[in-house]
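Structure first, then comments.
Note on naming: letters A, B, ... go to the chains in the order of the sequence lines (proteins, then strands), and numbering restarts at 1 for each one.
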Amino acid sequence: MATIEKAQVFEAPGREGSPVEVKDRYENFIGGGWVPPAKGEYRENLSPVTGEPFSTVADSTPEDIELALDAAHAAKATWSKSSLEEREKVLLAMADAVEENLQMLAVAESYDNGKPVRETLAADIPLVADHLRYFAGAARAEEGRISEIDEKTVAYHFQEPLGVVGQIIPFNFPLLMAAWKIAPALAAGNCTVVKPASPTPWSILKLMEVLADVVPPGVINVVNGPGAEIGRALATNKRIAKIAFTGETVTGRLIMRYAADSIIPSTVELGGKSPNVFFADVMDADDDFLDKAVEGFVLYAFNKGEVCTCPSRALVDESIYDEFMERVLARIAAIRQGDPLDPSTMMGPQVSKSQIEKVEGYVEIGKEEGAKVLIGGHRTQGLADELSGGYYFEPTVLEGTNDMRVFQEEIFGPVVSVTKFADEAEALKIANDTLYGLGAGVWTRDGARAFRMGRGIEAGRVWTNCYHQYPAHAAFGGYKISGVGRENHRMMLDHYSQTKCLLVSYDEKAMGLF
Amino acid sequence: MASVRATPAAVGALERLRERHGEIVLHQSGGCCAGSAAMCLRADELPPGPHDVELGKVGGVPFLIDADLHRRLGSPDFVLDLAAGREDTFSLEGADGVHFTSRVRPAKVPGSR
């Protein structure tokens with residue numbers, strides 16, 4: 001964070017003095033260049049910061065998916081045969097290009113999505129570069145296995161690229177989620193057609209401007225447009241060898257069904273309702289650890305709650321509840337909300353009008369169900385005039401019980417539902433009393449309890465005395481209806497590879513069957 | 001038994017979608033970015049699965065939900081409505097720059113234990 005201590009407010013993209021240039025219109029990125037959509041349609045792209053349009057992007061149709069697949073298949077012949085050294089060089093060059101453009105990409109990402117630039121400068125964009133480097137190294141260090149079946153028979157196992165894959169990216173981390181998917185796909189020797197989320201179609205195009213010179217043409221292709229048309233056209237296409245998706249459950253089912261229709265693999269990440277469990281011993285001392293635990297609770301407001309793993313259910317030991325919540329609420333009250341391009345801003349606007357309406361609706365549902373609003377609960381008032389059209393919602397805490405809808409449904413906003421528990425057994429029971437199983441948090445000074453809870457919670461990622469860290473080399477993915485597959489780890493290379501077994505006999509003699 | 005109703009705006013949108021796409025169906029979704037909304041799909045796209053229940057029909061269109069999800073939500077009544085803006089889903093109405101919402105009224109008031 002050293003580079004942003006001065007709290008210089010960045011000029012909005014397109015304005016004089018901004019690190020980000022904006023064109024009037026953005027075409028699709030296909031075959032290494034910019035290709036207008038076949039039907040010539042574009043749509044306005046709004047920034048959630050102001051609610052105003054600031055550019056237009058391609059509103060593509062299935063023909064454009066076909067063009068992207070043509071380009072990807074043309075590139076496949078070379079890329080899938082490229083040496084690991086060549087692939088590593090490309091991925092490292094991509095990482096370098098991202099880092100050289102850190103500030104520009106951070107501001108673009110912030111403006112397209114609404115997330116604070118302090119997060120994009122310190123986390124999103126550096127993690128994009130890091131993931132590219134991680135998979136460059138991981139793929140380089142992969143080796144196949146050899147099994148000796150008997151003295152004269154050996155099985156050689158080679159990992160081969162799938163070919164051309166389809167990847168559908170969510171709106172909450174437009175660049176980082178793209179990197180999570182693109183990096184392993186490329187490292188494993190695949191070419192990709194990427195469909196960004198409709199609310200955030202633009203920052204990835206700024207990324208492609210940066211990467212155009214370092215990625216071979218056709219290896220990455222980006223097509224923007226409506227999910228129902230081009231997301232479907234991509235996911236149902238017979239020319240993809242795998243489909244990856246992050247989103248909600250019905251589309252997740254659709255994706256898996258499409259994959260079944262084509263008999264190809266799919267990976268889906270479908271959200272969560274993650275418990276964040278605070279045991280009484282966090283308050284045994286008034287020290288750094290307690291401070292960290294209090295922050296750990298408040299991390300539900302990270303990225304304005306638009307995170308699949310948002311710790312949106314807080315479970316607090318009843319014996320410390322009042323005292324702990326007093327500290328938590330004070331910390332929440334100190335959250336600085338406003339222009340995400342101001343590096344001192346901690347929380348920006350929700351991504352779209354429909355998202356803030358949904359968040360508002362859930363707070364009402366919670367109140368109807370009997371939940372108590374401990375803080376927040378409204379659209380943010382008193383912001384600067386130019387932000388009045390943006391989608392700002394106060395960080396909110398609802399107190400209630402785990403059977404309420406606001407404890408069971410993913411709100412995807414800065415709303416946490418908090419409840420009490422009496423002992424470890426009840427904490428575990430409440431933690432697992434959900435359809436989802438993506439993330440969880442456990443906070444305790446007792447190491448044995450931390451392990452018991454961590455192993456007991458049915459979720460793919462249990463942050464233990466931390467939360468919302470997403471380093472490469474730590475597997476991420478869901479239990480239960482939160483999805484199938486893992487990201488962020490070299491095991492991803494298996495999700496993007498075929499296994500070829502050469503079964504070789506050195507025996508000169510016939511088997512003797514015929 | 002829970003029921004489902006639709007506002008006139010939602011019924012109008014369903015009629016237009018049916019003219020364009022033929023038989024359609026509504027699936028209540030959950031989770032992540034655009035979850036917790038009803039998704040309108042062509043009927044042959046995602047036929048009712050073994051775990052889906054049909055809560056009723058709105059404008060002649062079946063409204064389906066996963067049985068576990070329905071139970072988790074407290075078996076509420078749904079009201080299908082229409083709002084401006086394209087959501088980021090595979091739902092058919094997105095092409096018209098609108099999206100369905102599904103408000104609920106809780107069938108019971110939990111939290112009274």
*asked:* Any non-hydrogen side-chain atom of B:Phe90 less than 4.5 Å from a side-chain atom of A:Ile255?
replied: yes
_Are the side chains of B:Met39 and A:Arg253 in contact, using a 4.5 Å heavy-atom criterion?_
no
Region of [X] in contact with chain B, defined by heavy-atom distances below 4.5 Å:
{"X": "A:Lys372", "result": "neither"}
{"X": "A:Phe407", "result": "neither"}
{"X": "A:Ile168", "result": "side chain"}
{"X": "A:Ser352", "result": "neither"}

*List the steps and the verdict of side chain to side chain contact (heavy atoms under 4.5 Å, CB included) for A:Leu254 and B:Leu41.*
CA-CA 10 Å; A:Leu254 264 181; B:Leu41 305 169; 3.7 Å; yes
Where on [X] is there a heavy atom nearer than 4.5 Å to chain A: the side chain, the backbone, both, or neither?
{"X": "B:His99", "result": "side chain"}
{"X": "B:Arg71", "result": "neither"}
{"X": "B:Leu69", "result": "both"}

_If I take atom CD1 from residue A:Ile365 and atom CG from residue B:Leu73, how far apart are they, to the nearest 0.5 angstrom?_
9.0 Å
*asked:* Working to the nearest 0.5 angstrom, can you tell me the gap between B:His27 NE2 and A:Thr249 OG1?
replied: 10.5 Å
*Give me the contact list for residues 43-52 of chain B versus chain A, heavy atoms only, anything under 4.5 Å, ordered by residue number.*
B:Asp44, B:Glu45, B:Leu46, B:Pro47, B:Gly49, B:Asp52
*For each of A:Lys273, A:Gln408, A:Arg257, tally heavy-atom pairs with chain B at distances under 4.5 Å, and name the one with the top tally.*
A:Arg257
*asked:* Below 4.5 Å, heavy-atom pairs only: which of A:Val351, A:Asp433, A:Ile411, A:Ile481 has the largest tally toward chain B?
replied: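 Top option by heavy-atom pairs under 4.5 Å: A:Asp433.
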*Can you see which heavy atom on B:Gln28 is nearest to which on A:Val250, and at what distance?*
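Looks like O-CG2, 3.6 Å.
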*asked:* Ignoring hydrogens, what is the shortest heavy-atom contact between B:Leu92 and A:Ala228? Give both atom names and the distance.
replied: CA-CB, 4.3 Å
*Apply salt bridge (charged side-chain N to carboxylate O under 4.0 Å, His left out) to A:Lys367 and list each qualifying residue two or more places apart in sequence or on a separate chain.*
A:Glu364
